[in-house]
Amino acid sequence: MKKIKVFLPALLMLLFFTSFFGITSVSASEVNPSVSAPEVNPSVSAPEVNPSVSAPEVDPSISAPEVNPSVSAPEVDPSISAPEATYDFSPSALEPDSTYPGTNIRVKVGDVLYSSKALGGSAMIVGHVGIIGPDYMVYHVNAVNDNQGEGGKRDTISYYQTRHKAGESIAVYRATHGRNAAYWAQNNYSSVTSYHIPIYSWDNFQLKTINPNYCSKFIWQAFYYGNYDTDYIIGHYTPNKEAFVTPGQVIDSNDLTYVGSFGSRS
């Protein structure tokens, strides 16, 4: 009995402490979501990644004007750069917007210059013709043995004026197929080292002969060979034909149109 009396109080104490710690542990293990929820509530951090905040930074309407083709188009206007790239204009010649002396006629590559008096040529073929080259120089063939020798010449427009007598007029004819002819003339004028019109002999009478040569045949060749073997001057001549080509025939071509004239310079 004594042992039971001693054991019962001990048992009661054990039950008391077990009950107390059991309640405590249960309370501690309970995690009230209302306490910790704000720490992980997505509504707090959502504004940091809200696309509406950063959208203006990549708004295409802001950068669009920088690549607007209408802004840069003039920089690549083919009417301005194409001739310089294709024909290698010389900066020592004329500017692209230059005009003929004393006129408002703009100088164009491929223009044919006609003067009524021959420059050292035969009296049987009246007149003289030259062509404005890719570098705005005048390419022509004449008989004067000057500092460039006899035959092919390359003159500035100003110097070309001095080859004419005072008061003489130099007519400008604009050609439809003049650009390619001008390029050919520039590349081949130096091959002409002798001026000769076969009046008394049939030697070198064919139109394909480059040297010797004379002014109007050289221009015919420039238009023919420069435009892929097409006769834009006479209309039906071929290189093997034995014939004259006169300055008058050149300016009467359907490919050329008179646009004005300028004077000589003494």
Side-chain angles (χ1 to χ4, degrees), residues 78 82-90 92-94 96 107-115 119 121 125 127-143 148-157 159-160 163 170-198 204-257 259:
E84 297 180 3
T86 305
Y87 296 105
D88 298 321
F89 287 136
S90 169
S92 63
L94 299 176
V107 180
K108 293 282 190 178
V109 174
D111 281 352
V112 173
L113 305 183
Y114 168 80
S115 47
L119 302 182
I125 299 181
H128 185 75
V129 283
I131 188 169
I132 299 295
D135 54 1
Y136 292 129
M137 304 291 276
V138 184
Y139 290 90
H140 62 112
V141 172
N142 75 8
Q148 298 186 61
E150 180 182 325
K153 305 295 171 64
R154 177 181 182 267
D155 296 337
T156 62
I157 291 178
Y159 186 74
Y160 187 75
R163 291 186 180 275
I170 304 170
V172 180
Y173 286 82
R174 192 134 294 164
T176 304
H177 295 89
R179 283 187 174 271
N180 289 339
Y183 193 69
W184 187 93
Q186 182 190 53
N187 285 343
N188 292 275
Y189 84 98
S190 59
S191 296
V192 183
T193 59
S194 178
Y195 182 93
H196 176 66
I197 300 176
N204 301 314
F205 200 42
Q206 291 181 326
L207 294 179
K208 67 182 179 182
T209 304
I210 302 297
N211 188 55
N213 214 326
Y214 55 94
C215 70
S216 45
K217 186 174 82 168
F218 181 73
I219 298 301
W220 181 90
Q221 291 170 336
F223 275 84
Y224 183 86
Y225 292 117
N227 289 292
Y228 309 101
D229 300 346
T230 304
D231 182 12
Y232 285 109
I233 299 300
I234 306 300
H236 55 86
Y237 279 5
T238 62
N240 291 326
K241 185 175 180 60
E242 295 179 334
F244 288 117
V245 176
T246 69
Q249 287 177 302
V250 172
I251 62 173
D252 285 342
S253 167
N254 291 331
D255 202 67
L256 275 63
T257 303
V259 294

Shortest non-hydrogen contact from [X] toward [Y]:
X: F244; Y: Y214; value: CA-OH, 3.5 Å
X: V109; Y: Y136; value: CG2-CE2, 3.8 Å
X: C215; Y: G127; value: SG-O, 4.3 Å
X: S191; Y: I210; value: CB-CG2, 4.0 Å
X: S115; Y: Y160; value: OG-OH, 4.5 Å
X: V141; Y: N213; value: CG1-O, 3.9 Å

For this session: Test I132 against V138 for side-chain contact (heavy atoms from CB on, under 4.5 Å), laying out the working first.
Result: CA-CA 5 Å; I132 299 295; V138 184; 3.8 Å; yes
With rounding to the nearest 0.5 angstrom, report the [atom1] to [atom2] distance, [X] to [Y].
X: L256; Y: Y114; atom1: CG; atom2: OH; answer: 12.5 Å
X: N180; Y: F223; atom1: CG; atom2: CZ; answer: 10.0 Å
X: Y224; Y: D229; atom1: OH; atom2: CG; answer: 4.5 Å
X: D155; Y: Y189; atom1: CG; atom2: OH; answer: 9.5 Å
X: L113; Y: I251; atom1: CG; atom2: CD1; answer: 11.5 Å
X: Y237; Y: E242; atom1: OH; atom2: CD; answer: 12.0 Å

Exercise. Step by step, would you call I197 with K217 a side-chain contact (heavy atoms from CB on, under 4.5 Å)?
Worked result: CA-CA 9 Å; I197 300 176; K217 186 174 82 168; over 6 Å; no
Exercise. Among side-chain atoms of N188 and Q221, is any donor-acceptor pair under 3.5 angstrom?
Worked result: no
Problem set entry | Polar contact flag, side-chain donor to acceptor under 3.5 angstrom, W184-N227 | no
Problem set entry | Check: H236 main-chain N/O paired with D231 side-chain donor or acceptor under 3.5 Å | yes
Exercise. When you measure from the side chain of Q249 to the backbone N and O of I234, does any donor-acceptor pair fall under 3.5 Å?
Worked result: no
Taking side chain as C-beta onward, heavy atoms only, is [X] less than 4.5 Å from [Y]?
X: R163; Y: H128; result: no
X: S190; Y: Y139; result: no
X: D135; Y: R154; result: yes

For this session: Can you spot which of Y228, Y225, Y232 makes a ring-ring contact (aromatic ring centres under 6.0 Å, His included) with H177?
Result: Y232
For this session: Decide if atom CG of N240 counts as having more than 12 heavy atoms of other residues, nucleotides or ligands within a radius under 6.0 Å.
Result: yes
